[in-house]
Amino acid sequence: MTAACGALALAACGTTAVEPSGLLSSYDGLAVREGTVWASIQERRDDALATQIDRLFIEPAILAPGVGHDLTDYERTLVLREVDRQICYEVSERFTVLAEPAMDAGRVRAVVSRIGPTGRAASAASAASGFFIPGPIGLRVPGTLGGLAAEAELLAANDQGQAAAILWSRDAQAVGTDNPSLSRVGDAVQLAEPFGDAVGDAFAPPEREVRAIADPDPCARFGPRFRPEGVAAGFITGLYSPELSGAQAEGDEPEATQTEQPDR
């Protein structure tokens, strides 16, 4: 048992390195963020330029060419929508988020550059083992771990250039709070939250104070901030359901006619 736990702990330390998609306006001046444990992060910020930005528009996240080619349109949409949601939540605490672009406002652009699929068959075993291991820290069976890599930039108004940029990559952890899922994008959707946290920290000038959520919520167009049914389902089954995370807007339904590709 001790040897198995040691192997799992070792697996928890690794993550796939960041590979730029080439779709941001610039990658100059990026530096590794110190003190990160699980994620690989490179970032830069022009504090003078970022300080000038108060209002901004969040463009819908896009996929880099070839990413998610073996997923369904529905699965790809879940990942992109959750990336939009999480970026908006964090950015809205530091900036005024607009519903429409404006010439005198900044812009946020995000690109998903890797979706590591979650192994569904082994996730059921991970969920079952969770019933016998008390506490919030779980163990994931080898072969279940997916991942996400994404990048984003903050562009200043009036073509003043890039005020900030971040490249981020993380794999789910064998030991930790990344829950198993029967969805191939379960881990990618979960990892959108720490990516959004990293974007907020990378874009905001250090003196920018955290703001209360505006009313009406500017992020409502990306989905609800909280879905209690998702929390309840996870508690009962031990599995994460991205369809109940908030990434799925009301009225959306999986495309039943699409054929899923087998796990790899």
Side-chain angles (χ1 to χ4, degrees), residues 8 11-12 14-19 21 38-40 60-87 110-130 138-151 168-196 222-223 227 229-231 233-234 236-249 252-264:
L8 287 171
T15 197
T16 304
V18 174
E19 292 292 339
S21 73
W38 291 335
S40 175
I62 62 173
L63 289 172
V67 173
H69 64 88
D70 55 347
L71 302 174
T72 66
D73 288 343
Y74 178 71
E75 290 169 326
R76 290 189 289 267
T77 298
L78 280 178
V79 176
L80 290 173
R81 182 166 295 142
E82 185 67 4
V83 167
D84 290 335
R85 263 179 90 233
Q86 297 299 336
I87 288 177
V111 180
V112 173
S113 54
R114 178 176 64 91
I115 299 175
T118 302
R120 297 179 297 182
S123 285
S126 295
S129 69
L139 301 179
R140 296 278 294 273
V141 174
T144 68
L145 305 177
L148 176 73
E151 53 194 55
W168 184 96
S169 178
R170 185 184 150 187
D171 295 328
Q173 302 301 301
V175 180
T177 57
D178 299 326
N179 295 321
S181 177
L182 297 184
S183 167
R184 293 184 295 179
V185 295
D187 284 320
V189 172
Q190 288 184 83
L191 293 174
E193 181 175 359
F195 172 61
F222 295 121
R227 291 187 68 177
E229 62 269 36
V231 176
I236 293 170
T237 66
L239 293 164
Y240 176 77
S241 299
E243 298 84 356
L244 300 178
S245 68
Q248 182 183 21
D252 282 355
E253 294 292 342
E255 298 183 17
T257 58
Q258 287 192 315
T259 301
E260 292 188 351
Q261 300 293 327
D263 288 335
R264 297 181 177 180

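Model, not experiment: these values are computed from the prediction.
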Measuring from atom [atom1] of [X] to atom [atom2] of [Y], what distance do you get when rounded to the nearest 0.5 angstrom?
X      : Y     : atom1 : atom2 : value
Gln190 : Gln86 : CD    : CD    : 11.0 Å
Arg76  : Ile62 : CZ    : CD1   : 14.0 Å
Arg184 : Thr72 : CZ    : OG1   : 6.0 Å
Ile115 : Leu80 : CD1   : CG    : 6.5 Å
Glu82  : Ile87 : CD    : CD1   : 10.5 Å

_I'd like to know if the side chain of Asp84 reaches the main chain of Ala61, judged simply by a donor and an acceptor atom lying under 3.5 Å from each other, with no hydrogens or angles considered._
yes
Kindly determine whether Thr118 and Asp187 satisfy side-chain contact (heavy atoms from CB on, under 4.5 Å), including the steps that lead there. CA-CA 6 Å; Thr118 302; Asp187 284 320; 3.0 Å; yes
Are any non-hydrogen side-chain atoms of Leu148 and Val112 less than 4.5 angstrom apart? yes
Of all heavy-atom pairs linking Ala172 and Leu191, the shortest is N-CD1, 3.9 Å
Shortest non-hydrogen pair, Ala64 vs Ser113, comes out as CB-CA, 4.1 Å
From the list Val67, Leu63, Asp171, side-chain contact (heavy atoms from CB on, under 4.5 Å) with Arg114 holds only for Asp171
